[in-house]
Novice: 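Have a look at this one before I ask anything.
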Amino acid sequence: MLSTDIGIDLGTASILVYIKGKGVVLKEPSVVAFDRDTNKIKAIGEEARLMIGRTPGNIVAVRPLRQGVISDYSVTEKMLKHFIQKAIGKRTFKKPRISVCVPSAATEVEKKAVEDATIQAGAREVAIIEEPIAAAIGAGIDITRPCGNMIVDIGGGTTDIAVISLGGTVVSTSVKTAGDDFDEAIVKYMRKKHNLLIGERTAEEIKIKIGTAYITEDYDEDDEEATIDIRGRNLVTGLPKTVTVTSKETQEALRETTSQIVEAVHSVLEKTPPELAADIADRGIVLTGGGCLLRGLEELIEEKTGINTMTAEDPMTAVAIGTGKFVEFLSDDGIES
Ligand SMILES: Nc1ncnc2c1ncn2[C@@H]1O[C@H](COP(=O)(O)OP(=O)(O)OP(=O)(O)O)[C@@H](O)[C@H]1O
Ligand SMILES: [Mg+2]
């Protein structure tokens with residue numbers, strides 16, 4: 001009988017499920033909507049995300065993993081169960097082996113909580129994997145060699161920076177500045193500069209459509225500047241108002257937040273032993289996570305560190321793939337059952 005082996009990237013922004021032999025089969029936002037009066041869950045995933053900022057008083061849409069930690073355990077457990085069942089369906093006879101990658105800021109207690117929730121959800125065995133290791137495997141790096149690799153995983157809630165060699169993390173840091181903070185910075189900027197109140201989903205839309213971390217000097221001559229029309233509430237009149245935002249403005253809005261990430265990369269490089277630092281200078285820095293899709297971030301990090309920087313092939317699925325490959329690795333080594 002077949003046992004399905006599964007890798008799960010339990011991220012603050014999204015959850016991805018990878019099944020051995022099938023690849024990434026599920027990708028949904030880590031959002032749960034529930035009824036505050038009855039405490040019943042109304043929707044999970046994409047359906048719940050659409051409710052953010054649009055719910056009547058008694059329905060609340062929450063992101064239970066918000067700051068890279070599990071802020072609401074029982075909701076996380078239900079969400080995890082829902083996605084595991086959705087991904088494997090009802091066809092399996094044997095309980096799967098599941099490895100889960102948790103946000104690196106998770107404490108031992110939280111890791112145990114995820115492990116328990118995964119068992120509850122029907123796993124036979126659970127392995128908890130460190131996010132940078134999973135990201136590196138998913139980005140196609142051979143982590144087993146005695147060679148330094150730097151991986152910068154910019155998610156929704158946290159940016160994890162790690163130097164990996166011989167299958168382990170040598171130096172690392174995790175900062176609570178990532179994709180969601182880009183959105184927040186845009187909300188603040190719009191309020192200050194345009195007296196416009198916008199929600200976080202609108203801010204994310206601006207970021208994805210025209211946001212940029214870096215503008216080259218010859219930008220104005222070569223490019224027609226990207227703009228987007230945004231509707232929000234005029235803070236002075238209280239009425240709806242439309243404002244045209246340019247990508248140059250987003251760079252201004254994002255400057256402080258992106259520098260925090262660059263500084264964190266710097267601090268890890270400073271703590272890296274010289275031989276490994278030399279390897280990194282040779283091989284470059286690899287970016288993963290949805291946050292690294294912000295235009296110009298690669299160029300910004302490259303300019304500020306002087307080290308060649310590249311984005312992994314599919315940065316948003318790298319962690320899930322890496323977590324799944326870790327399962328394959330376990331099963332090849334085979335504790336046969
Ligand atoms: N095209 C894009 N351009 C810029 N940002 C993007 C793009 N697509 C997604 N993002 C951002 O990526 C972030 C989510 O990334 P990801 O799914 O890797 O996070 P996560 O793994 O759930 O979070 P974490 O690793 O912090 O737990 C969000 O902030 C989202 O707005
Ligand atoms: Mg992640």
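Residue indices begin at 1 and follow the sequence shown. Atoms within each ligand, like the ligands themselves, are counted from 1 in listed order. Scope of the values below: all heavy atoms of this structure, side chains included, with no hydrogens, waters or symmetry mates. This is a predicted model, so every value here is computed, not measured.
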Novice: Show the atoms of ligand 1 that are less than 4.0 angstrom away from any heavy atom in Glu131.
Specialist: 25 (O)
Novice: Using a strict threshold of under 4.0 Å (side-chain N to carboxylate O), is an ion pair present between Glu108 and Lys111?
Specialist: yes
Novice: With a cut-off of 4.0 Å, which atoms of ligand 1 are near a heavy atom of Ala13?
Specialist: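 Under 4.0 Å from Ala13, ligand 1 has these atoms: 14 (C), 19 (O), 20 (P), 22 (O), 23 (O).
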Novice: Using a strict 4.0 Å cut-off to heavy atoms of Gly289, name the atoms of ligand 1 that fall inside it.
Specialist: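 Selected atoms, number and element: 18 (O).
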Novice: Heavy-atom contacts with Asp180 under 4.0 Å: which atoms of ligand 1 show up? List them by number with element.
Specialist: 29 (O)
Novice: Taking atom 11 (C) of ligand 1 as the point of reference, which of Lys207, Glu200, Arg63 owns the nearest heavy atom?
Specialist: Lys207
Novice: Could you check whether Glu115 pairs with Lys112 (Lys NZ or Arg NE/NH1/NH2 to Asp/Glu carboxylate O, under 4.0 Å)?
Specialist: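 Answer for the salt bridge query: no.
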Novice: Heavy-atom count check: over 12 atoms from other residues, nucleotides or ligands less than 6.0 Å from Glu252 CD?
Specialist: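 Buried by this count: over 12 neighbours within 6.0 Å.
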Novice: Identify whether Phe34 and Leu80 are in the same connected component of the hydrophobic contact network (ILVMFWY, side-chain heavy atoms under 4.5 Å).
Specialist: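 Linked within one cluster.
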Novice: With nothing but distance in play, are any N or O atoms of Asp183 less than 3.5 Å from an N or O of ligand 1?
Specialist: no
Novice: Using only N, O or S atoms, tell me which atom of Glu131 is closest to the Mg ion (ligand 2).
Specialist: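 Considering only N, O and S atoms, Glu131 comes nearest to the Mg ion (ligand 2) through OE2.
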Novice: So if I count the atoms of ligand 1 from 1 in the order they appear, which ones are less than 4.0 Å from some heavy atom of Leu294?
Specialist: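 Near Leu294, meaning under 4.0 Å from one of its heavy atoms, ligand 1 has 3 (N), 4 (C).
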Novice: Relative to the heavy atoms of Gly179, which atoms of ligand 1 are at a distance of less than 4.0 Å?
Specialist: 29 (O)
Novice: With a cut-off of 4.0 Å, which atoms of ligand 1 are near a heavy atom of Gly157?
Specialist: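 Result: 26 (O).
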Novice: Quick one: does any side-chain atom of Lys193 pair with a main-chain N or O of Glu249 as donor and acceptor, under 3.5 Å?
Specialist: no
Novice: Does Arg145 have more than 12 heavy atoms from other residues, nucleotides or ligands lying within 6.0 Å of its CZ?
Specialist: no
Novice: Would you kindly specify which portion of Arg295 sits under 4.0 Å from ligand 1, judged on non-hydrogen atoms: side chain, backbone, both or neither?
Specialist: neither
Novice: Counting heavy atoms only, which part of Val319 comes closer than 4.0 Å to ligand 1: side chain, backbone, both or neither?
Specialist: neither
Novice: What are the two closest heavy atoms between Ile19 and Ala87, and how far apart are they?
Specialist: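 In this case the closest contact between Ile19 and Ala87 is CD1-O, 3.7 Å.
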Novice: For Ile208, is at least one N or O under 3.5 Å away from an N or O on ligand 1?
Specialist: no
Novice: Nearest to atom 9 (C) of ligand 1 by heavy atom, Glu205, Arg201, Met316: which?
Specialist: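 Ranked by closest heavy atom to atom 9 (C) of ligand 1, first place is Met316.
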Novice: Yes or no on side-chain contact (heavy atoms from CB on, under 4.5 Å) for Arg201 and Glu205, after CA distance, side-chain angles and deciding distance?
Specialist: CA-CA 6 Å; Arg201 278 186 55 203; Glu205 191 189 334; over 6 Å; no
Novice: For a quick test of reading the model, state the closest non-hydrogen atom pair linking Thr173 to Ala264 and the distance between them.
Specialist: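 The pair with the smallest heavy-atom distance is CG2-O, 4.2 Å.
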Novice: For ligand 1, which atoms sit closer than 4.0 Å to a heavy atom of Gly291?
Specialist: 12 (O), 13 (C), 15 (O)
Novice: Tell me the salt bridge (Lys or Arg N to Asp or Glu O under 4.0 Å) pairs involving residues 27-37, sequence neighbours left out?
Specialist: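 Non-adjacent pairs meeting salt bridge (Lys or Arg N to Asp or Glu O under 4.0 Å): Glu28-Lys86.
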Novice: Considering distance alone, does some N or O of Leu10 sit under 3.5 Å from an N or O of ligand 1?
Specialist: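 By distance alone, the answer is no.
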